[in-house]
Amino acid sequence: MKNIILKTEELCVDYKKNNILRNINVEFEKNKITAIIGPSGCGKSTFLKSFNRTVEEYGGKIKGKIEFNNSNIMNIPLEKLRSSIGMVFQNPVTFPFSIYKNMTYAPIYHGEKDKEKLNDIVITNLKKSGLYDEVKDNLNTPARKLSGGQQQRLVIARCLTVNPEVILLDEPCSALDIKNTANIEKMLLELKNEYTIIIVTHNLAQAKRIADFVIYMEDGAIVEVGTPHTIFNEPTDSRTKEYIMYMKN
Ligand SMILES: Nc1ncnc2c1ncn2[C@@H]1O[C@H](COP(=O)(O)OP(=O)(O)O)[C@@H](O)[C@H]1O
Ligand SMILES: [Mg+2]
């Protein structure tokens, strides 16, 4: 049976008087990677930011319903919602502290004081991000001394420190080279055993490599949802077909 962790019903998002997302009905399966693709400006980031209500910080107004584990997100305390549904923004930044302090920042904010527990959180989540072996001898050096690819993995590791169930990633590889992109993809394929991942990507080959499901969006609406095989090889909607053709050439 399908295990649905997130579900939208007639989801609309408006910025002021502009209707950006239009009647989105979709379900996300637990422990899967869902990739969201579509032309620039079609609403991918807005959609991602709706799940944990960060869109509201940007002046967006959510209408319709989003359910997380069968609860309306509007009934979940905001802090709980945002630790359960973690988000890594496009061009994320490491904090101007040590690697260690980047990793303990959120747990300390949430009240964790126990030194051993904090150490454990740092090590466990750096290991999950595949970064531990690279940084274990330098945990006290400034995070900003790491390479771009390492910083990107650190930001994802940092998002894991508050035990999210869902991780939202907005074009996490857009500034990375092939090797660092491969590192992130490898990490995501391992993380999906424990987390549900929703990733916006402009890289169709990436969606093909890592996604279980692909959502094609256009003009604030979902055009088509399917497996990577369906979306990339046998799309049913002519708009999907056109976009895939366009992006291939
Ligand atoms: N904070 C905002 N205020 C007003 N309009 C916005 C805001 N953020 C995005 N938009 C508009 O919403 C639309 C969708 O943007 P976005 O979700 O960023 O698209 P994508 O991520 O697919 O490129 C665009 O027309 C954009 O100009
Ligand atoms: Mg975007």
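Every number for a ligand or one of its atoms is a count from 1 in the order of the listing. Since this is a predicted model, take the numbers as computed values, not measurements. Heavy-atom basis, side chains included; hydrogens, waters and symmetry copies ignored.
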Distance flag for atom 20 (P) of ligand 1, protein heavy atom under 4.0 Å: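 Under 4.0 Å from atom 20 (P) of ligand 1, at least one protein heavy atom found.
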
Suppose we measure from [atom] to each protein heavy atom; which comes out shortest, and what is that distance?
| atom | answer |
| --- | --- |
| atom 18 (O) of ligand 1 | S45 CB, 3.8 Å |
| atom 12 (O) of ligand 1 | I20 CD1, 3.4 Å |
| atom 1 (N) of ligand 1 | Y58 O, 3.4 Å |
| atom 16 (P) of ligand 1 | T46 OG1, 3.6 Å |
| atom 10 (N) of ligand 1 | Y15 CE1, 3.3 Å |

Using a strict cut-off of less than 4.0 Å between a Lys/Arg side-chain nitrogen and an Asp/Glu carboxylate oxygen, indicate whether [X] and [Y] qualify as a salt bridge.
| X | Y | result |
| --- | --- | --- |
| K192 | D212 | yes |
| D219 | R22 | yes |
| K128 | E194 | yes |
| K65 | E10 | no |
| K179 | D177 | no |
| E57 | R82 | yes |

Close aromatic pair by centroid cut-off 6.0 Å: F51 and F28: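 Judged by ring-centre distance (under 6.0 Å), F51 and F28 do meet the cut-off.
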
The Mg ion (ligand 2) to nearest N/O/S of T46 less than 2.8 Å: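 T46 does not place any N, O or S atom closer than 2.8 Å to the Mg ion (ligand 2).
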
Numbering as shown, the atoms of ligand 1 that approach S40 to under 4.0 Å (heavy-atom distance):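 Ligand 1 atoms under the 4.0 Å threshold to S40: 23 (O).
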
The one among C42, G43, P39, G41 that brings a heavy atom closest to atom 24 (C) of ligand 1: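 It is G41 whose heavy atom sits nearest to atom 24 (C) of ligand 1.
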
